Protein chains: 2
Amino acid sequence: MRELKRKRGRPPTIDADAAMRAVVELFRSKGYAAVSLDELSEVTGLSRPSLYRSFGNKLSMYLRAIDVFGEQVVESAVPKLQDDGDLEVALTNFFSEMLNIYYRDDDIAPGCLVFGTAPSNADEAEIQSRLSFSIEQVDQLMRARMQKAFPARGSAQLDSAVHIASNTLIAFSARAKSGATKSELLEIGAQSAHAICTLLQGERAD
Amino acid sequence: MRELKRKRGRPPTIDADAAMRAVVELFRSKGYAAVSLDELSEVTGLSRPSLYRSFGNKLSMYLRAIDVFGEQVVESAVPKLQDDGDLEVALTNFFSEMLNIYYRDDDIAPGCLVFGTAPSNADEAEIQSRLSFSIEQVDQLMRARMQKAFPARGSAQLDSAVHIASNTLIAFSARAKSGATKSELLEIGAQSAHAICTLLQGERAD
DNA sequence: GATATTTTGTACTGTTTCGTACAGAATTAA
DNA sequence: TTAATTCTGTACGAAACAGTACAAAATATC
């Protein structure tokens with residue numbers, strides 16, 4: 001609440017948010033297991049003890065990084081999906097915005113922190129939990145948006161369309177890391193959005 | 001060619017194929033970076049020097065594991081896709097067979113060695129190369145099979161369907177690792193196959 | 001039986017990594 | 001000025017790890 005009241009001892013000089021942004025970048029370009037605390041120390045500019053004090057051990061740093069990454073997605077990409085208007089446009093814009101996150105450049109792609117790095121380390125229960133939560137979240141957001149656009153569709157048709165959309169996003173991560181350019185994936189996103197709308201428009205509801 | 005001719009010194013006792021199968025299992029459940037040579041030594045039953053002599057260092061073991069895994073896919077799942085007859089059936093059976101590989105049980109899923117673990121370590125050039133090759137391979141197989149079933153379809157319609165299928169498969173890996181059951185993914189595979197055929201049948205060729 | 005040849009694991013070195021104890025720095029309160 | 005408090009990094013110990021030298025084991029050849 002009040003932050004004018006100076007605390008007692010030596011004032012903190014660490015920018016935890018900036019450090020966490022660097023942590024996210026390192027984890028999503030190198031994965032979880034391949035990253036050492038020394039590297040994290042280097043990219044954040046914080047000493048190893050400072051990292052422990054601010055964020056705990058490597059696992060808790062990674063989990064927190066996933067949360068931060070998720071917030072970024074919720075802030076910048078999810079609104080595009082939830083935009084009223086044409087579903088195909090909303091889906092295309094959502095995919096496009098996600099690719100802006102996955103790519104730093106048209107060529108160089110740190111990819112998705114969750115879908116790109118979590119599967120390798122899902123033997124860790126808390127990591128698997130975040131992965132499963134993320135997938136469910138995407139499925140659920142897709143389902144809500146499609147249901148809004150096509151209220152008459154049956155649950156089966158909806159599920160099918162939902163999974164096509166989610167799977168497209170999940171696969172983007174692997175494709176980006178494989179060296180595909182952003183433009184190529186933009187095209188795949190647009191194809192996917194178009195196909196989904198074709199399906200939802202064309203099929204008879206049971 | 002001739003193998004009756006006994007070689008000169010101490011006869012080898014190592015079963016390289018069995019060892020490599022164990023290597024594949026370890027890598028795809030724990031990822032690349034998290035695996036140590038001591039663990040590889042333990043699961044294969046070979047000493048660390050024997051591992052070096054047989055397969056080289058960790059990277060070359062991993063690359064070879066990817067090749068072995070790929071052969072397994074080509075032998076058991078790809079034929080299902082290439083089966084003549086209904087495309088929807090072929091796709092469904094292909095997905096099903098891939099899930100048999102991804103899952104050891106209905107619940108426990110080591111997942112896909114390539115799509116599950118390679119993206120985390122794609123900064124290594126040779127790993128990225130295998131990942132990109134695998135994706136291209138899947139895209140190409142899908143395209144060939146769909147073109148055979150729907151020769152009249154235009155390239156754009158085909159591309160769209162191809163990517164839906166490939167993305168389904170790629171996403172299976174993440175979904176399996178996230179804790180989804182095999183039955184759930186079988187359902188998603190069937191949905192995807194049905195949607196693809198609906199699209200290819202329904203759309204007019206330009 | 002002795003020697004050459006090939007395979008194999010024990011044991012060693014140097015490096016990397018994690019985690020923390022502890023001392024020094026920077027500030028407020030007395 | 002001194003003491004209390006909070007923040008920070010240097011420096012240490014312990015464990016894990018990669019890679020290899022070397023000796024022992026097991027066979028063929030002489």
Side-chain angles (χ1 to χ4, degrees), chain A residues 1-23 26-27 29-65 117 120-121 123-127, chain B residues 1-23 26-27 29-65 117 120-121 123-127:
Chain A
M1 303 305 169
R2 85 176 69 97
E3 53 176 311
L4 292 172
K5 179 72 173 176
R6 205 58 163 289
K7 265 195 304 186
R8 193 88 189 301
R10 176 174 175 175
T13 62
I14 286 176
D15 185 343
D17 289 347
M20 188 44 71
R21 279 193 294 273
V23 169
L26 184 59
F27 273 133
S29 48
K30 295 199 54 173
Y32 171 66
V35 167
S36 74
L37 286 178
D38 282 330
E39 285 175 297
L40 287 165
S41 176
E42 194 184 334
V43 298
T44 57
L46 305 186
S47 68
R48 216 161 49 230
S50 290
L51 287 177
Y52 276 98
R53 278 186 292 266
S54 302
F55 310 114
N57 63 12
K58 194 169 84 164
L59 177 58
S60 63
M61 291 184 72
Y62 178 72
L63 295 175
R64 182 142 163 193
T117 73
S120 298
N121 306 92
D123 52 326
E124 195 85 40
E126 295 181 277
I127 294 181
Chain B
M1 302 308 170
R2 85 176 68 98
E3 54 177 311
L4 292 171
K5 178 74 172 176
R6 204 63 161 287
K7 264 194 307 184
R8 192 84 190 295
R10 177 175 174 173
T13 64
I14 286 176
D15 185 342
D17 289 347
M20 188 46 69
R21 280 192 294 272
V23 168
L26 183 60
F27 274 133
S29 48
K30 297 199 54 174
Y32 171 66
V35 167
S36 73
L37 284 179
D38 282 330
E39 284 174 296
L40 287 165
S41 175
E42 194 183 335
V43 299
T44 56
L46 306 187
S47 68
R48 218 163 44 235
S50 289
L51 287 177
Y52 277 98
R53 276 186 291 267
S54 301
F55 310 114
N57 64 12
K58 194 170 82 162
L59 178 57
S60 63
M61 291 184 73
Y62 178 73
L63 295 176
R64 181 142 164 192
T117 72
S120 297
N121 306 92
D123 53 326
E124 196 86 39
E126 294 180 277
I127 295 181

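Quick caveat: nothing in here was measured; it's all calculated off a predicted structure. In the text below, chain A, chain B and the rest are named by the order of the sequence lines, each starting its count at 1.
- Between S47(A) and the phosphate of dT10(D), there is no side-chain N or O to OP1/OP2 separation shorter than 4.0 Å.
- R53(B) places its CZ atom 12 Å from the C1' atom of dG19(D), with the value rounded to the nearest Å.
- Toward the 5' end of DNA chain D, the nearer of the two residues L37(B) and R48(A), judged by each one's closest nucleotide, is R48(A).
- Spacing between atom NZ of K30(B) and atom C1' of dA16(D) amounts to 12 Å, rounded to whole angstrom units.
- The shortest distance between side-chain heavy atoms of L26(B) and E42(B) does not fall below 4.5 Å.
- Heavy atoms of P11(B) sit under 4.0 angstrom from primed sugar atoms or phosphate atoms, though from no base atom.
- Rounded to an integer number of Å, the gap from R8(B) CZ to dA4(C) C1' is 5 Å.
- Listed by residue number, there are no residues of residues 56-65 of chain A with a heavy-atom contact under 4.0 Å to DNA chain D.
- Counting non-hydrogen atoms under 4.0 angstrom, L46(A) reaches nothing in the nucleic acid.
- Note that OH of Y62(B) and CG of N121(B) are 6.0 Å apart. Values are rounded to the nearest 0.5 Å.
- When distances run from any side-chain atom of P49(B) to the nucleotides dT8(D), dA18(D), dA11(C), the shortest one goes to dA11(C).
- Between dT8(D) and S50(A), no contact under 4.0 Å exists linking OP1 or OP2 to a side-chain N or O.
- You'll find a donor-acceptor pair under 3.5 Å spanning the side chain of R10(B) and the base of dT7(C), going by distance alone.
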